[in-house]
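Input: a single structure, listed below in C-alpha cells.
Proteins get letters first, then strands, A, B, ... in listed order; numbering begins at 1 in each.
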Amino acid sequence: MPEGHTVHRLAAAFRDGLVGGPVRTSSPQGRFTEAAQIDRMVLLGAEAVGKHLFLAFAPSDDVDLDAPVVRWVHVHLGLYGSWTFAGEPGFAVLHAIGAPRVRVGEQESALPEPDGDDDDGDGRGAGTADWRYLLPRPTTRLRIQGPRGLADLTGPTACELLDGAGRQAIIDRLGPDPLREDADPERFVRRVLASCSPIATLLMNQQVVAGIGNIYRAELLFRARLDPFVPGTELGRGLVEGIWEDLVELMRYGARTGRIVTTQPEHRLLDARIMERTRQNGDDDPTVVPREQSFYVYHRQTLPCRLCGTEVRSQELAGRTVYWCPGCQKVRSRKAAWIGQHPAAPWALETGDD
DNA sequence: GCTGCATGCGCAG
DNA sequence: TGCGCCTGCAGCT
C-alpha cells in the first residue's frame with residue numbers, strides 16, 4: 001500500500017510513540033527469528049529512506065546512532081505489508097491517518113485482564129480496549145511493544161536485522177528521497193537526462209528517485225503533461241527539475257495528511273461537468289462517476305480525462321500499469337518547458353486540515 | 001467460500 | 001521479462 005510519504009509518516013509515528021525507551025520485541029508468526037536479539041533493547045530512532053523504514057536498537061539510550069553496537073531493523077512493506085498501532089489515548093494517533101492503522105474494537109482479540117475486573121463474564125475482560133492484552137494476529141511478523149503502546153507488522157517484503165554497514169548498503173543503492181532534507185535533486189536530474197529508458201520507467205526506479213510508487217508516477221507525468229514513453233535523454237533539464245519540484249510538494253502534502261491528492265480544485269469541478277456531459281450523451285451508468293477526486297489518471301482508465309475528456313488509457317510497462325491521458329500528455333520534446341501546474345493550489349481550497 | 005487484484009521487489013534465466 | 005512471495009479485501013458465486 002505504501003509510497004514513500006507513508007513510510008515517512010510511519011517513522012514519525014515510531015518517533016512519537018516508541019522511540020526513546022526500552023521495548024519488547026517478538027515475532028508471533030515466528031519468521032523473524034532475530035526479534036529475540038533486540039528484545040528489551042532501547043528503540044533509539046526511526047527513519048525513512050524512500051520506501052524503506054529503519055529502526056535503531058541499542059542496549060542503552062546513551063549510544064550514538066552510528067555506534068557499532070546499534071542494530072537496525074530494516075522493514076520494507078512491499079505491496080501488502082502494514083503496521084497496526086494500538087496504545088493508550090493519543091498513542092500514534094497523529095500519524096494514524098492513512099496507512100498506519102489503529103485497531104477498532106470489533107477486530108481485537110484480547111486476553112482476560114489479570115487483575116480480575118472482568119465483570120461481564122464473556123472471558124474477554126472488561127478492558128478489551130486495553131492494548132496491553134491485544135493478541136497479535138497469527139501472521140504478525142514483528143511486534144514492538146513499549147510503555148505507551150505497540151506496533152504490529154504484517155506481510156512485509158523485508159523485515160531483517162542489520163548492522164550499520166548493512167543499512168548503509170541499502171541506502172547507497174537508493175536515489176534521492178524528495179522528503180529528506182539531505183536529498184540531492186541533481187542526482188535525479190542527471191540520471192534521468194542520461195537514460196534512454198522511458199520516463200515512466202525511470203520514475204519508478206528507486207535508484208533514480210526513492211519513494212515514488214505507481215500513483216505518484218502516473219500523476220506526476222500527467223501534471224507535467226508528459227508522454228510516459230519519452231526517453232529521459234529526450235527531456236530538457238528545466239522540465240526534469242520541474243518534475244522534482246512538483247514531486248517534493250506532492251509528497252510533502254502526502255506526508256502531512258496521509259493522502260495523495262494531485263488534482264487542483266478547479267479540475268475537480270471540471271470533472272463534474274464532464275461527467276454530466278457524458279451522462280447526457282447516454283451513459284447513465286452512475287458507476288462511471290468516480291467517488292475519488294484525488295487523481296487525474298491513476299486507476300481512471302476508460303474514464304474521460306478531467307481536463308480534455310479524452311479517454312484515459314492504461315498499459316503494462318515493465319510489469320506495472322501506467323495510466324495516462326493521450327490528449328493532455330503530449331510533451332515529448334527536449335525544448336519543452338515545465339508547464340505543469342504548481343501544486344500549492346490543489347489543496348489550498350480544502351476546508352480544514354488533514 | 002473462492003478468485004483476482006493491489007500504492008513492490010528480487011531473482012533466475 | 002516473467003515469476004514467486006508477502007496479505008487483505010472487494011466482488012463474485
Taking atom types as modelled and ignoring hydrogens, do the side chains of A/Glu316 and A/Thr321 form a donor-acceptor contact shorter than 3.5 angstrom? yes
Taking the same atom, C1', in C/dG8 and in B/dG10, what whole-Å distance lies between them? 22 Å
Just by distance, no angles: are the side chains of A/Gln329 and A/Arg225 close enough, under 3.5 Å, to form a donor-acceptor pair? no
Per atom distances to the A/Tyr298 side chain, the nearest of B/dG10, B/dA6, B/dG8 is B/dA6
For the pair made of CG in A/Leu179 and C1' in B/dT7, what is the distance, rounded to whole Å? 15 Å
Take the protein atom CE of A/Met204 and the nucleotide atom C1' of B/dA6, then report the distance between them rounded to whole Å. 12 Å
Please measure how far the P atom in B/dG4 lies from the corresponding atom in C/dG4, and state the result in whole Å. 15 Å
Interatomic distance, A/Leu77 CG vs B/dG8 C1' [rounded to whole Å]: 10 Å
In terms of side-chain heavy atoms of A/Gln29, which of C/dG8, B/dT7, C/dT7 is nearest? C/dT7
Looking only at side-chain atoms of A/Leu79, point me to the closest of C/dG8, B/dG8, C/dC6. B/dG8
With ring centroids as reference points, do A/His5 and A/Tyr216 lie under 6.0 angstrom apart? yes
Could you check, using the six-membered ring where one of them is a Trp, whether A/Phe14 and A/Trp83 have ring centers closer than 6.0 angstrom? yes
Length of the line joining A/Asn214:CG and B/dG8:P, which is rounded to integer Å: 6 Å
Atom-pair distance (CZ on A/Arg141; P on C/dG8), nearest Å: 11 Å
Side chain of A/Glu3, heavy atoms from C-beta onward: which of C/dC6, B/dT7, B/dC9 has the nearest atom to it? B/dT7
Whole-Å distance separating the CD atom of A/Glu316 from the P atom of C/dT1: 11 Å
Between B/dG10 atom C1' and A/His52 atom NE2, what is the distance in whole Å? 11 Å
Counting only side-chain heavy atoms from C-beta out, which of B/dC9, C/dG8, B/dT7 sits nearest to A/Thr154? C/dG8
Name the nucleic acid region contacted by A/His299, choosing base, sugar-phosphate or nothing; use a 4.0 angstrom heavy-atom cut-off, strictly under. sugar-phosphate
Please pick, from B/dT7, C/dG8, B/dC9, the nucleotide with the shortest atom-to-atom distance to any side-chain atom of A/His76. B/dC9
What is the distance, to the nearest angstrom, from the CG atom on A/Leu153 to the C1' atom on C/dG8? 14 Å
Are A/Arg180 and A/Glu47 within salt-bridge range, i.e. N to O under 4.0 Å? yes
Which part of the nucleic acid does A/Thr157 contact within heavy-atom distance under 4.0 Å: base, sugar-phosphate only, or nothing? base
Separation between the P atoms of C/dC3 and B/dC5, rounded to whole Å: 15 Å
